[in-house]
Every structure is written in C-alpha cells, then in structure tokens.
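Below, all heavy atoms of this structure are taken into account, side chains as well, without hydrogens, waters or symmetry copies. Within every chain, numbering begins at 1; the chains are lettered A, B, ... in the order of the sequence lines, protein sequences first and strands thereafter.
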Number of protein chains: 2
Amino acid sequence: MTIVLKPIRPKKISEEIVDQIKQLISKGELKPGDRIPSERDLATMLGVSRPSVREAIMVLEAMGFLDSRQGGGTFVRALTEGSIMDPLAKLVEKKDPELLRALAEVRMGLESWSAYLAAQRANAEDLANLRRLYAIMEKQAAKGGWKPEVDTEFHYAITAASHNSLQMHVLDSIHSLFNATIQVALMEFYQQQGHIQRLLTHHREIMEAIADRQPELARQKMMEHLSMVEEKMAQLLSENSE
Amino acid sequence: MTIVLKPIRPKKISEEIVDQIKQLISKGELKPGDRIPSERDLATMLGVSRPSVREAIMVLEAMGFLDSRQGGGTFVRALTEGSIMDPLAKLVEKKDPELLRALAEVRMGLESWSAYLAAQRANAEDLANLRRLYAIMEKQAAKGGWKPEVDTEFHYAITAASHNSLQMHVLDSIHSLFNATIQVALMEFYQQQGHIQRLLTHHREIMEAIADRQPELARQKMMEHLSMVEEKMAQLLSENSE
DNA sequence: GTTAAAAAATTGGTCATACCATATAGCGAG
DNA sequence: CTCGCTATATGGTATGACCAATTTTTTAAC
C-alpha cells in the first residue's frame, strides 16, 4: 500500500494573503482603482505582522494586480490579461542583445534538428502543407512582400513534420519568444535590404531537401538560413543601439 | 521638441536587486540548480537590509526564477520548467514509451548542438572540468561501475561550455525529465550488459573532439552516443512491457 | 573503518519596532 | 477664494530577535 503523502509544503503566510487578496479581486469586491487598506491595517485585520502583508503585496505587485505608491497607498490595477508571462518572456522583455543572440542560437539548434527529423519522416500531407505555404511565400515575394505569419507557419510545419510532440512543445516556447521580441522588426529589415529573394531560396532549398529525404542536407540548409537570420539580427541590434 | 519625461518613480531597492539577480541568471552566471547566497549574505554584500533582499527574492520566486526552501536555501529554477515541462511531466510519468522516445530524441538534438557549440567556445576551465569528470568515470569504469550523477554532470559540463545560458535552461528541463523517468534504470541496464567500456569510449571521443576544436566531429560523436542510449532505452522498455 | 545517531551550524520564515520619504488632507495667511 | 505651509497617513527601509526546517559536522556504536 503506497500512501502518496502530500507535498506537505506548509504554505507561507504571505502566500495565504496573496490568495485572499487575489480572490477579492477576482470576485470583484476589489475593483480597479480601489485603494486597499494600509499595510498596517491589513496586518491587524489578518492578525499577522506587517512584513508578511508587505511580502504579499510585493508579489501581487510583481504579478501586476496591485500598484503601490509611497505616501499614497496601494491600488488595484486594471488587469488587462496577458500580464502573466512566462519566466522566459520576462527575461527577454528587456531586449538584452546577448540574450537575443542566445535565443537565436537555441532556435538554430532546435530547428535544424527538426529539419533533419522531418527529412526522415515527413509524409505526403506534411509535404503538401509545406508546398502550399511555400507557394504563398513565392507569391508574396513576387510583389516584394514578406509576411511574418507565413514564414512562422512554414517553420512550424517543418517541426510538425518531425512527428515528435515534445520537440513541438519545446520549439513553440522558443518561437513564441522570438515572435514577441524582434520577429516583426526583423522581417521589415529584410524587406528594406532586399533580401527577400535570398530568403525565398533558403526556404525552397530546405523544403526540397526534406522532400528528397536528405536529412543532412536539410539540417545544413536550415542552419545556413538561420545563420543569416542571426547575422541580420545582430546588424539590426547594433544599428538600434547607436 | 518633445521631452518624454520619465518614470519619475524612484526605483525601490528591492527592484534594483531583482534586476541584478535577473541579469545574473540571463547571463548564465547563475545556472539552473545553483544555490544563491543566503539572504543574510546577500544583504551584507549589497549593503542593504535583509527585508529588502527578502522582498526581491519573493518577487523573483513569484516570477518563477527562484525557489526557496526553508532551511535549505534558495535555488535557481530552469526557466522552461513552467512553460514546457509541467504539461508534459504528467504524461511522461506514465512512462509512455512513445513519449520517452520523443524525449530522448529532443535530448539528442539539443546535446549534439551543445557539443557543436562547445567545440567552438570551450575555454581552458571548461576543458579542465571535462577532463576531471572523465577521469572519475574512467576510475569508476575500471571497477566495473558507472555513476549516473557523474555521467549527468559530464553532459551538463558540455552544455555549460557552449556558453549559452538559454541552452542551459532548456536542456536542464529535458534532462530533469530524463532523470525522473528512466535514467537510473538505464544505467543499471548498461552495467548488466557490460557496455561500460563503450560508454567510456564515447565520452572520451566527444571530449577530445571538443578539445580539438572540431565542432562537426563533436556533434557527430554526441549523436552516436545518444543514438546508442536511445537504442538501449528501447530495449529496456520492450523488455519491461513483456 | 564504516555506519548511524545526535548535536551544532546554516538558512529561510515570522514578528516587533523604529525611523525615513513621500503624498494627501487640512489649516491658516494673504 | 487662493495659495502655501504643516500635520498626518502611508509606503520604504533598517535592525534585531526568535522560530522552524534543513544541512553539515561531530560523536558514538558496531
């Protein structure tokens, strides 16, 4: 008889307070703009010390629920949803160039691996999807345009063709970060510099390598492609830092 | 002339500390699993009071960067734990063979990429660390043993030598999943089958390729190594399912 | 010498108190 | 009534103490 004993993590007092206040907000008893009782009052109300209350408020402030102003008071902030970001997103929100480079590099490793696997396992449906997306890109390129969404979808389709669910999840996290940071700016940068034809060629080569069942070639082409992306990103970042 | 006036809000001390620690994590100086200095030490180091440090840690904990355990200490969490692992951890704990295969495959992609990067960037310190760990493995192998911890540490050291903090975090999530599932069983399986010498050879070849600055070779050797791991894992799973 | 139990040191969690900095409210001078 | 000053309320920081859980070291037993 295996008794699964619970994660006896005695909850911290401040966490209890966080939960209570969060509940008040979610129940609408505390509306945006309201001023909550002072730290001292809350402490006596809850029968705890002020530091505990303070830690709770600190956490809620970090979450975006509250906003404290010295001398003024603590107010409920209008939560526009989306304030809850992953740890990863919080890190790159500063657009630290070093981190973005690391991000691009991780992406390079993951996607080239996806291409390798895709070349081994892509089925007819996968290939048809890739061809469809490539046709759209080609059409756009003929008009001198480039849609980030289509580009992104193309890369997703490759990972999907790897038929590895976990790979899909991991890459999704990385990719969404990329989108959230400089994806769009990067695409515009391409258009200005007239690199669209090169991009199109890259994608075609990758697709053909996958269709021809040449894993090593697909990997290599994806690597070349993303190397250029990283290079352009570095240019973009150095320009902006001037 | 538009003068965008700014924030005005003088930054709180705790926020300052939050930024500093976040930066340490993003730059990779604090890696997943590391224990950060105690609250008291940090307070004296930074020249502030303990409550300020505590508030900062509280916020970072809420953000998912840190994890504090009473009496134990405060540790750096892998940034991808929440966003990638949680949904999948439940699936993997059932030891679904399909998912374990996917896991091993993702690991293969990530680690071979780590080896490639490490061969380009490993410094003297990184190499010394690898050699030290290899020596331990060699000694163990001479006695017919194989310690999973040392093996794991060796692979971590390679990723550390890639000098990409994000790569470190992503791989940590994957690796911890691996450890939680079949890592130990796998090691025992090796010993039973007398594959220790082959394992040792693999690790030596990888290490030498990195030391010789041969990225492609390092990648290839890591791939061979992990291919064998995946193969053995498949054997183990099929045996157990009988 | 190895292992297990016990004690000590370390570390996070909580509390109490005091004082500083800032914003708001209220009062008073003009 | 308006402007400016003062008093007060409130968040921000610092110090110190003690508790609870964990880790490490020491000690004792085998």
Side-chain angles (χ1 to χ4, degrees), chain A residues 5-22 24-25 30 32-77, chain B residues 5-22 24-25 30 32-77 140 143 145 147 149 153:
Chain A
L5 23 94
K6 67 277 194 104
I8 303 195
R9 289 281 203 100
K11 227 186 231 170
K12 289 187 262 189
I13 288 188
S14 59
E15 288 178 354
E16 289 266 3
I17 303 176
V18 166
D19 287 342
Q20 282 202 37
I21 297 184
K22 242 197 318 196
L24 286 182
I25 294 179
L30 283 178
D34 280 0
R35 186 172 65 192
I36 70 174
S38 73
E39 296 180 352
R40 291 169 179 83
D41 289 350
L42 277 175
T44 57
M45 281 185 203
L46 296 165
V48 299
S49 72
R50 196 180 150 209
S52 295
V53 172
R54 202 173 155 64
E55 284 178 357
I57 291 179
M58 222 54 197
V59 170
L60 287 165
E61 203 177 345
M63 288 185 187
F65 289 109
L66 298 179
D67 186 25
S68 292
R69 278 164 343 210
Q70 184 172 191
T74 301
F75 301 83
V76 178
R77 201 146 62 166
Chain B
L5 21 110
K6 54 314 204 10
I8 308 180
R9 276 220 256 149
K11 232 188 227 166
K12 287 187 263 190
I13 286 187
S14 60
E15 287 178 354
E16 195 91 43
I17 303 175
V18 165
D19 286 342
Q20 280 202 38
I21 297 183
K22 250 202 308 194
L24 286 182
I25 294 179
L30 284 178
D34 280 359
R35 187 173 65 192
I36 70 175
S38 72
E39 296 179 351
R40 292 170 180 81
D41 288 350
L42 277 176
T44 57
M45 280 184 203
L46 296 166
V48 299
S49 71
R50 198 176 149 216
S52 296
V53 172
R54 199 171 158 64
E55 284 177 358
I57 291 179
M58 220 59 192
V59 170
L60 286 166
E61 204 177 342
M63 288 185 187
F65 289 106
L66 299 179
D67 186 26
S68 293
R69 286 180 319 229
Q70 184 173 200
T74 301
F75 300 83
V76 177
R77 276 188 14 178
Q140 287 287 332
K143 295 193 292 186
K147 299 263 189 194
E149 313 89 57
E153 204 178 336

* Structure fact -> 5'-most contact on DNA chain C (nearest-nucleotide basis), B:Asp41 vs A:Gly71, goes to B:Asp41

* Distance in angstrom units between B:Glu16 CD and D:dG12 P, rounded -> 15 Å

* Asked: Got A:Leu46 and A:Glu16 here, is their nearest side-chain heavy-atom distance under 4.5 Å?
  -> no

* Separation of A:Ile57 atom CD1 from D:dG12 atom P, in whole Å? -> 8 Å

* Asked: To the nearest angstrom, how far is B:Glu39 atom CD from D:dA14 atom P?
  -> 14 Å

* Asked: Quick one: is D:dT10 close enough that its OP1 or OP2 comes under 4.0 Å of any side-chain N or O from A:Thr74?
  -> no

* **A:Arg54 side chain near D:dG12 phosphate (N/O to OP1/OP2, under 4.0 Å)** => yes

* Asked: Can you name the residues that form a side chain to side chain contact (heavy atoms under 4.5 Å, CB included) with B:Ser38, not counting sequence neighbours?
  -> B:Arg40, B:Asp41

* Under the side chain to side chain contact (heavy atoms under 4.5 Å, CB included) rule, collect the residues that match up with A:Thr44, sequence neighbours excluded. => none

* To do: Rounded off to whole Å, could you give me the CZ-to-C1' distance for the B:Arg35 and C:dG12 pair?
  => 12 Å

* Output all residues satisfying side-chain hydrogen bond (donor to acceptor under 3.5 Å, both in side chains) with A:Asp34, sequence neighbours left out; order by chain, then residue number. => none

Do any N or O atoms of the protein come closer than 3.5 Å to N or O atoms of nucleotides 15-19 of chain D, and which pairs are they?
residue	atom	partner	partner atom	Å
D:dA17	N6	B:Arg50	NH1	3.4

* For the side chain of A:Ile13, counting heavy atoms from C-beta on, which of C:dG12, D:dG11, C:dT14 is nearest? -> C:dT14

* Rounding to a whole Å, what distance do you find between A:Asp67:CG and D:dG11:C1'? -> 12 Å

* To do: Return the set of residues passing salt bridge (Lys or Arg N to Asp or Glu O under 4.0 Å) with B:Glu153 (not counting sequence neighbours), or none when no residue passes.
  => B:Arg132

* Roughly how many Å is it from CG in B:Leu42 to C1' in C:dG13, rounded to a whole number? -> 16 Å

* To do: Please assess B:Val59 against B:Ser14 for the test side-chain contact (heavy atoms from CB on, under 4.5 Å), listing each intermediate value before the final yes or no.
  => CA-CA 9 Å; B:Val59 170; B:Ser14 60; 6.0 Å; no

* Asked: To the nearest angstrom, how far is B:Leu66 atom CG from C:dG12 atom C1'?
  -> 13 Å

* Using a cut-off of strictly less than 4.0 Å, decide whether B:Ser52 has a side-chain nitrogen or oxygen near OP1 or OP2 of D:dA14. => yes

* Rounding to a whole Å, what distance do you find between B:Arg69:CZ and D:dT24:P? -> 11 Å

* Taking salt bridge (Lys or Arg N to Asp or Glu O under 4.0 Å) as the test, write out the residues that go with B:Glu61, two or more places apart. => A:Lys12

